[in-house]
Amino acid sequence: MKADAFSLPVDSGCAAPPTREVLRERGQREVFCGLTGIVWLHRKMQDAFFLVVGSRTCAHLLQSAAGVMIFAEPRFATAIIEERDLAGMADCHEELDRVVDRLLARRPEIKQLFLVGSCPSEVIKLDLGKAAERLGAKHAGQVRVLNYSGSGIETTFTEGEDACLASLVPAMPASAPDAAPALLMVGSLPDIVEDQFLRLFAQLGIENVGVLPARTADGLPAVGPNTRILLAQPFLGETAQALEARGAQRIDAPFPFGAEGTTAWLKAAAQAFGIDAKHANAVIAPGRERAKRALEHHREKLAGKRISFLPDSQLEVPLARFLATELGMQPVEVGTPYLNRKLVARDLEQLPQATRISEGQDVDRQLDRVRADRPDLTVCGLGLANPLEAEGLSTKWAIELVFSPIHGFEQAGDLAELFARPLRRRDVLQV
Ligand code: SF4
């Protein structure tokens with residue numbers, strides 16, 4: 001079932017991504033900052049702790065975004081930068097060391113500590129890289145200390161995960177030069193979805209599979225020229241680049257949303273590992289059929305409906321592909337904070353030519369376009385949803401798509417339901 005050598009499709013790096021006109025916007029943007037990623041990352045990495053070095057605003061954002069967690073012993077916190085720190089009257093590094101020492105003494109179960117930068121830590125140019133190095137050496141053998149930025153100056157919403165995973169890459173062990181081919185699935189997924197994919201890879205006959213992020217610190221997979229990376233999330237450009245710099249090659253595929261997206265994603269992995277196509281089809285077929293049946297329920301509600309995506313989660317292009325090709329929706333505008341043409345090439349090429357693609361945001365101009373287009377559904381951030389609803393436009397919160405399990409065959413129906421629900425609600429309200 002397996003060939004000795006890898007076969008395509010891997011991203012050779014020379015294939016020109018498809019060209020397509022893109023409206024580039026630069027102006028005021030309405031998105032959460034990269035700290036938001038901590039909400040799902042701390043659930044995924046069971047022995048990790050996220051220490052935000054920030055202000056009370058950062059603490060409030062985290063506590064309200066992860067509301068329920070404040071009643072449990074949380075695995076994130078904010079080291080508050082006070083006015084005297086901002087005024088340069090205190091040595092922030094000394095204070096940070098004290099906070100970390102106290103934390104690690106009280107919580108010996110922490111095996112990975114992320115120092116997370118914020119707008120205030122960037123404004124005072126607090127070097128968290130240096131702090132991570134110093135604290136890592138001090139607590140060597142007990143805890144791995146890393147750092148990344150979740151600052152709203154530098155990152156939007158899902159870029160926090162990208163920055164976090166990229167910070168893990170240098171800590172990954174190098175795979176042996178003669179190591180067997182290995183698949184690395186990259187992107188944080190709910191455990192239940194991750195397990196579904198791991199079962200499918202095993203059934204396909206791909207034996208050596210690692211996951212980034214791993215659930216625990218000692219599960220961090222090795223990486224090297226034998227590694228083929230399969231991205232599960234489209235917003236991981238920096239992580240993919242860091243892995244490629246360590247010799248890994250990316251498997252070029254659409255993202256695993258819906259029956260067809262998941263099929264193509266799995267088949268791309270199977271092909272890269274030389275798995276017999278007939279065997280791959282046999283493994284994939286039952287899940288694909290279940291997903292197609294689940295989608296049928298929603299087709300009637302969604303087919304022909306016009307949808308606009310405002311730039312938010314960077315999931316916009318693959319989700320618009322799913323809605324257009326599998327449910328017959330008409331994407332009017334697909335806006336995304338950053339368009340990484342290489343990573344989303346296989347989804348982008350399937351979007352209708354009439355769909356307007358925009359990158360970045362100038363919120364007033366964008367809202368003018370939404371008002372002129374009057375789509376049946378607008379996917380946008382929380383702050384824009386209420387004003388648009390008040391103008392009679394149905395909306396869907398983009399953040400819900402990041403917090404819900406939406407990847408893979410078994411979740412295809414739920415994913416379609418997330419878009420059908422606001423339209424049903426609108427119908428009920430109109431009645
Ligand atoms: Fe606000 Fe910046 Fe803190 Fe994010 S990092 S909560 S944008 S101050």
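If you read the sequence from its start, that first residue is 1, and numbering goes on from there. Quick caveat, the model's predicted, so the values are computed rather than measured. Atoms within each ligand, like the ligands themselves, are counted from 1 in listed order.
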Element-labelled atoms of ligand 1 that are located less than 4.0 Å from some non-hydrogen atom of Ser118: 5 (S)

Is any side-chain N of the basic residue among Arg299 and Glu326 closer than 4.0 Å to the acidic one's carboxylate O? no

Please list the nearest protein heavy atom to atom 1 (Fe) of ligand 1 with its residue and the distance rounded to 0.1 Å. Thr57 CG2, 4.0 Å

Could you walk me through whether Glu159 and Thr156 satisfy the side chain to side chain donor-acceptor pair (under 3.5 Å) test, starting with their C-alpha distance in whole Å, then the side-chain angles of each, then the deciding distance to 0.1 Å, before giving a yes or no? CA-CA 5 Å; Glu159 279 182 287; Thr156 64; 3.2 Å; yes

Can Glu389 and Thr395 be counted as having a side-chain donor-acceptor contact under 3.5 angstrom? yes

Does the shortest distance from atom 3 (Fe) of ligand 1 to an N/O/S atom of Cys58 fall below 2.8 Å? yes

Pair Asp368 + Arg371, salt bridge at N-O below 4.0 Å: yes

Closest approach of any protein heavy atom to atom 4 (Fe) of ligand 1, naming residue and atom: Cys33 SG, 2.3 Å

The protein heavy atom nearest to atom 2 (Fe) of ligand 1 is Cys119 SG, 2.2 Å

Would you tell me whether Arg144 and Gln112 have side-chain atoms, one donor and one acceptor, within less than 3.5 Å of each other? yes

